[in-house]
Number of protein chains: 2
Amino acid sequence: MLTKEELPYCPVATTVDLIGNKWKLLILRELLAGTKRFSELKRAVDGISQKVLTENLRALERDGIVDRVVYPVIPPKVEYSLSELGDSLRPIITAMQAWGTNYILNKEELKAESAPE
Amino acid sequence: MLTKEELPYCPVATTVDLIGNKWKLLILRELLAGTKRFSELKRAVDGISQKVLTENLRALERDGIVDRVVYPVIPPKVEYSLSELGDSLRPIITAMQAWGTNYILNKEELKAESAPE
DNA sequence: CTGAATCCATACCGATACTG
DNA sequence: CAGTATCGGTATGGATTCAG
């Protein structure tokens with residue numbers, strides 16, 4: 001967890017430091033839909049390797065955004081979910097989802113205009 | 001009804017592809033406040049190098065998010081601003097700003113509790 | 001002032017092998 | 001299944017130089 005002294009003073013920069021990379025944003029998208037096992041996340045986040053997924057989950061856990069629960073069974077079962085802090089990021093992902101949806105829609109409209117039927 | 005997995009492309013992934021990196025998000029933060037010259041951006045975005053700033057501005061320009069206006073004067077003067085599309089990203093940055101502000105505030109409150117005067 | 005073009009270090013990431 | 005460790009290629013980014 002970062003201490004206050006290590007944090008940049010700009011709120012946007014603070015947020016960017018914690019979740020401002022491709023993989024973390026996509027992992028958050030998945031966990032906002034609910035608790036997921038490691039293998040589920042691996043399947044859901046397209047193109048991510050096991051190593052990178054692990055690294056990002058560790059970072060999110062360290063920063064108090066993700067909770068990790070290990071079930072002592074065989075074979076191992078580990079569940080990841082958002083902490084309260086993590087869930088509070090929802091508006092950011094929601095805004096990105098809304099923008100992306102619009103972007104794709106407008107793109108298709110333009111395509112339909114320039115090449116009707 | 002289509003599930004997220006069945007869609008050709010995820011809206012969040014689309015957004016992430018266009019602006020999902022540290023520098024672009026910080027550049028957007030600056031340009032949302034208004035038109036800026038290259039040197040102003042360089043100064044405002046802490047730690048960015050000229051090369052990386054140029055590369056990211058070119059990418060944002062290519063994607064229709066940023067407008068670039070060159071004034072044919074000596075010394076050169078180039079102004080960057082958000083296009084309409086770029087400005088439509090405002091809710092995302094605003095959400096990040098709000099979250100970051102809260103995060104910092106809560107952090108300071110915790111600190112004050114654990115070490116009261 | 002803006003920016004293109006180098007060179008070069010290192011950060012990142014995929015693949016693989018191995019463990020409990 | 002979940003995770004660590006290692007290796008090596010690639011991408012990223014910083015510093016510098018040159019130019020319009």
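Chain letters run A, B, ... following the sequence lines, proteins first and then strands; every chain starts at 1.
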Task: Point-to-point distance, once rounded to the nearest 0.5 Å, from NZ of A:K77 to OG of A:S39 - done: 10.0 Å

- [ ] Among B:I65, B:N21, B:L60, B:L32, find the residue that satisfies the side chain to side chain contact (heavy atoms under 4.5 Å, CB included) test when tested with B:I27.
- [x] B:L60

- [ ] Determine the sole option in A:L53, A:V52, A:T54 for which the side chain to side chain contact (heavy atoms under 4.5 Å, CB included) test with A:N56 is passed.
- [x] A:V52

Open item on the list: Donor-acceptor check, side chain of A:T15 to backbone of A:P11, threshold 3.5 angstrom: yes or no?
Closed with: yes

Task: Sidechain-backbone polar pair: A:S83 side chain, A:D67 backbone, donor-acceptor under 3.5 Å - done: no

- [ ] For residues A:R29 and A:V45, report the shortest heavy-atom separation together with the two atoms involved.
- [x] NH2-CA, 4.3 Å

Open item on the list: Any side-chain to backbone donor/acceptor pair from B:E40 onto B:R37? Under 3.5 Å, distance only.
Closed with: yes

Open item on the list: Rounded to whole Å, how long is the line connecting atom CD of A:E79 with atom C1' of D:dG3?
Closed with: 17 Å

Open item on the list: Just N and O in the side chain of B:Y80: are any of them under 4.0 Å from OP1 or OP2 of C:dG3?
Closed with: yes

Open item on the list: Would you compute the distance between atom CD of A:E84 and atom CG of A:L89 and round it to the nearest 0.5 angstrom?
Closed with: 12.0 Å

Open item on the list: Using five pairs at each end of the helix from C:dC1-D:dG20 to C:dG20-D:dC1 to define an axis, what is the angle between those two axes, to 10°?
Closed with: 40°

Open item on the list: Which residue in the set A:V12, A:I92, A:I19 passes side chain to side chain contact (heavy atoms under 4.5 Å, CB included) when paired with B:W99?
Closed with: A:I92

TODO: Round to the nearest Å and state the distance from A:I74 atom CD1 to C:dT19 atom C1'.
DONE: 12 Å

Task: Contact list for DNA chain C against residues 17-25 of chain B - heavy-atom distance below 4.0 Å - done: none

Open item on the list: Could you walk me through whether A:R58 and A:R68 satisfy the side-chain contact (heavy atoms from CB on, under 4.5 Å) test, starting with their C-alpha distance in whole Å, then the side-chain angles of each, then the deciding distance to 0.1 Å, before giving a yes or no?
Closed with: CA-CA 9 Å; A:R58 289 291 172 282; A:R68 177 171 176 263; 3.6 Å; yes

Task: Near-strand residues of residues 35-60 of chain B, defined as heavy-atom separation under 4.0 angstrom from DNA chain D - done: B:G47, B:S49, B:K51, B:V52

